[in-house]
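Note that ligands are numbered from 1 as they come in the structure, with each ligand's atoms numbered from 1 the same way. All values below were derived from every heavy atom in this structure, side-chain atoms included, with hydrogens, water molecules and symmetry-related copies excluded. Small disclaimer: the values here were computed from a predicted structure and weren't measured.
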Amino acid sequence: MRRFAPMILAAFALLAGACEKKTQPAPSGQGAPGGQAAQQAAGGGTPAAGDTIVLGEVGSLTGAQATFGVSTRNGVDLAIKEANEAGGVKGKKLKVIVYDDQGKPEEAAQAVTRLITQDKVVLILGEVASSNSLAMAEKAQAAGVPMITPSSTNPSVTQKGEYIFRVCFIDPFQGFVMAKFARENLKADRVAILQDNKSAYSIGLTDVFTAKFKEMGGAIVTTQSYSQGDTNFRAQLTAIKKVKPQAIYVPGYYNDVGIVARQAREMGVTVPLMGGDGWDSEKLFELAGNSLDGSYFSNHYSPSNPEPKVQKFISDYKAAYGGVPDALAALGYDAAKVAIAALERAKDLSGPAVRDAIAQTKDFPGVAGTITLDQDRNAVKSAAILQIENGTTKFVTTINP
Ligand code: PHE
């Protein structure tokens with residue numbers, strides 16, 4: 001049985017530069033988008049009318065993966081503020097309307113419909129989780145409104161059509177990176193996998209990792225599954241323990257992985273865990289305690305990168321929002337920067353013109369790597385491997401495509 005949660009979308013109008021945030025819960029209800037909150041938050045304006053250009057953003061500001069949405073929103077906000085302080089785009093100020101999808105694909109799709117039909121945004125930023133971006137991309141593509149996902153890595157997201165872009169690498173690369181690291185650096189021959197069977201991201205990474213690790217001469221000794229939000233992983237861990245792997249690949253999101261790690265250690269499973277970008281959250285360590293010490297994950301950026309533009313981003317971010325920006329914040333910032341540069345270049349603010357301008361993105365200096373969009377509208381970038389030690393991450397190596 002499928003339950004539909006009542007749609008409760010919170011609208012946040014980020015009036016950049018003034019750092020003003022309005023929270024306006026929409027009237028709850030099911031079905032077609034049509035609440036008033038977005039309209040009010042947007043000031044009822046059309047995208048290019050008057051002196052404001054309106055962009056949309058969808059993210060998990062609440063729910064199980066809330067740090068994904070909040071970090072991304074902060075990164076976007078910082079980029080928009082900087083652009084407005086520098087005079088805006090085409091002489092107009094930028095404004096972003098942000099909707100909370102609570103981490104749910106149905107809510108993400110509804111939010112996009114609302115951004116398009118009601119708020120009439122020129123472009124949409126989001127989501128983080130690939131399953132949510134897939135639901136959004138469907139709508140954005142059908143309406144001809146460009147969408148840039150900062151951080152969704154499943155290949156099928158941008159395959160939805162020519163209006164859908166991303167500024168991060170894709171999972172065929174990310175899965176390869178960890179398989180190579182497991183073989184060459186950890187010298188593992190036998191690896192077990194624990195995948196989230198509710199997540200396009202986790203399923204995709206499992207498939208790639210399995211294929212690559214085998215190609216490199218390794219064996220996958222068991223593949224176990226859970227569903228997002230589960231809290232007891234002991235049956236799967238028992239099955240894994242029995243086949244004595246040298247490492248366990250857990251390509252899930254931090255909220256689940258933190259609990260997996262703790263239960264694994266309680267059960268005497270001591271081998272390193274390995275994961276992907278979905279581990280990236282300070283909350284991971286709150287959940288896992290020290291259970292992940294000696295484990296590894298692949299990610300988009302490392303805050304210890306000494307490059308001046310990265311260090312400037314980190315200090316500006318800390319000053320504005322507190323805390324060291326994670327990869328989501330960095331990619332949110334980069335996605336917004338790419339969007340802003342494209343809006344500036346576009347011959348007008350129509351969907352096709354903005355789309356064409358985004359597609360031309362080349363050698364763009366992002367804080368999470370240089371961005372050139374390929375024919376499939378993906379960025380080709382290197383990945384960082386991070387090691388966990390004492391509840392924090394340490395940069396190990398970069399792997400290039
Ligand atoms: N790549 C993940 C996905 O596609 C999302 C993610 C990106 C999570 C970066 C954390 C950091 O679902």
Side-chain angles (χ1 to χ4, degrees), residues 58-61 63-76 101 103-105 108 125-137 147-160 164-178 195-209 228 249-258 274-285 287 296-303 324-335 366-369 371 377-379 381-386 388 393:
V58 180
S60 51
L61 299 176
Q65 287 113 31
T67 69
F68 288 170
V70 171
S71 289
T72 305
R73 185 195 61 191
N74 292 345
V76 169
D101 63 20
K104 299 174 187 164
L125 298 168
E127 231 260 12
V128 170
S130 288
S131 295
N132 300 338
S133 287
L134 282 166
M136 290 169 61
M147 167 177 147
I148 306 176
T149 167
S151 43
S152 286
T153 45
N154 186 277
S156 49
V157 174
T158 46
Q159 287 163 5
K160 289 281 177 193
I164 316 300
F165 299 87
R166 82 180 98 220
V167 297
C168 55
F169 54 63
I170 55 175
D171 287 333
F173 175 63
Q174 180 169 213
F176 157 79
V177 161
M178 204 31 107
Q195 72 166 2
D196 170 1
N197 63 13
K198 282 274 162 56
S199 147
Y201 159 77
S202 191
I203 293 166
L205 271 183
T206 296
D207 291 348
V208 178
F209 184 93
Q228 231 161 90
Y249 191 47
V250 194
Y253 295 137
Y254 67 89
N255 54 307
D256 298 321
V257 172
M274 305 180 293
D277 53 358
W279 284 25
D280 191 18
S281 172
E282 60 187 17
K283 291 267 188 269
L284 178 69
F285 305 111
L287 291 164
Y296 300 89
F297 66 105
S298 51
N299 208 353
H300 303 265
Y301 120 117
S302 165
V324 176
D326 55 19
L328 290 316
L331 288 168
Y333 180 80
D334 284 353
V367 293
I371 299 158
R377 300 169 299 282
N378 300 320
K381 297 159 88 182
S382 53
I385 302 267
L386 306 178
I388 298 174
T393 56

Inset, instruction - Give the residue, atom name and distance (to 0.1 Å) of the protein heavy atom nearest atom 6 (C) of ligand 1. - result: V128 CG1, 3.5 Å
What atoms of ligand 1 come closer than 4.0 angstrom to any heavy atom of [X]?
X	answer
S130	3 (C), 4 (O), 12 (O)
A129	12 (O)
G278	8 (C), 10 (C)
L328	7 (C), 9 (C), 10 (C), 11 (C)

Legend entry - A327 backbone acceptor or donor facing D280 side chain under 3.5 Å: yes
Inset, instruction - Verify, without hydrogens or angle tests, whether S133 (side chain) and E127 (backbone) share a donor-acceptor contact under 3.5 angstrom. - result: yes
Legend entry - Heavy-atom pair with the smallest gap, counting every atom of D196 and S202: N-OG, 2.9 Å
Legend entry - Side chain to side chain, M147 and K160, heavy atoms closer than 4.5 Å: no
Inset, instruction - Check whether any side-chain heavy atom of Q174 lies under 4.5 Å from a side-chain heavy atom of Y201, and answer yes or no. - result: yes
Inset, instruction - Ignoring hydrogens, just give me the one of N132, L134, D277 whose non-hydrogen atom is nearest atom 7 (C) of ligand 1. - result: D277
Legend entry - Options Y201, F68, F169, W279, ranked by nearest heavy atom to atom 8 (C) of ligand 1, top entry: F68
Inset, instruction - Please verify whether a non-hydrogen atom of H300 lies at under 4.0 Å from ligand 1. - result: yes
Inset, instruction - Check if Y253 has a non-hydrogen atom at a distance under 4.0 Å from any atom of ligand 1. - result: yes
Inset, instruction - Mind telling me whether F169 and H300 have parallel, tilted or perpendicular rings, with 30° and 60° as the class edges? - result: parallel
Legend entry - Mutual orientation of the aromatic rings belonging to Y254 and F68 [parallel < 30°, tilted 30-60°, perpendicular > 60°]: perpendicular
Inset, instruction - Could you tell me whether some N/O pair between D280 and ligand 1 is separated by less than 3.5 angstrom? - result: no
Legend entry - Geometric N/O contact S151 with ligand 1, under 3.5 angstrom: yes
Legend entry - Which segment of D326 sits under 4.0 Å of ligand 1 when only heavy atoms are counted: neither
Legend entry - Mode of A327 contact toward ligand 1 - side chain, backbone, both, neither (heavy atoms, under 4.0 Å): neither
Inset, instruction - From the options Y249, W279, Y253, select the one residue that forms a ring-ring contact (aromatic ring centres under 6.0 Å, His included) with F297. - result: W279
Inset, instruction - Report the C-alpha separation of N132 and V58 in whole Å, then their side-chain angles, then the decisive distance to 0.1 Å, and conclude whether the side-chain contact (heavy atoms from CB on, under 4.5 Å) test is met. - result: CA-CA 9 Å; N132 300 338; V58 180; over 6 Å; no
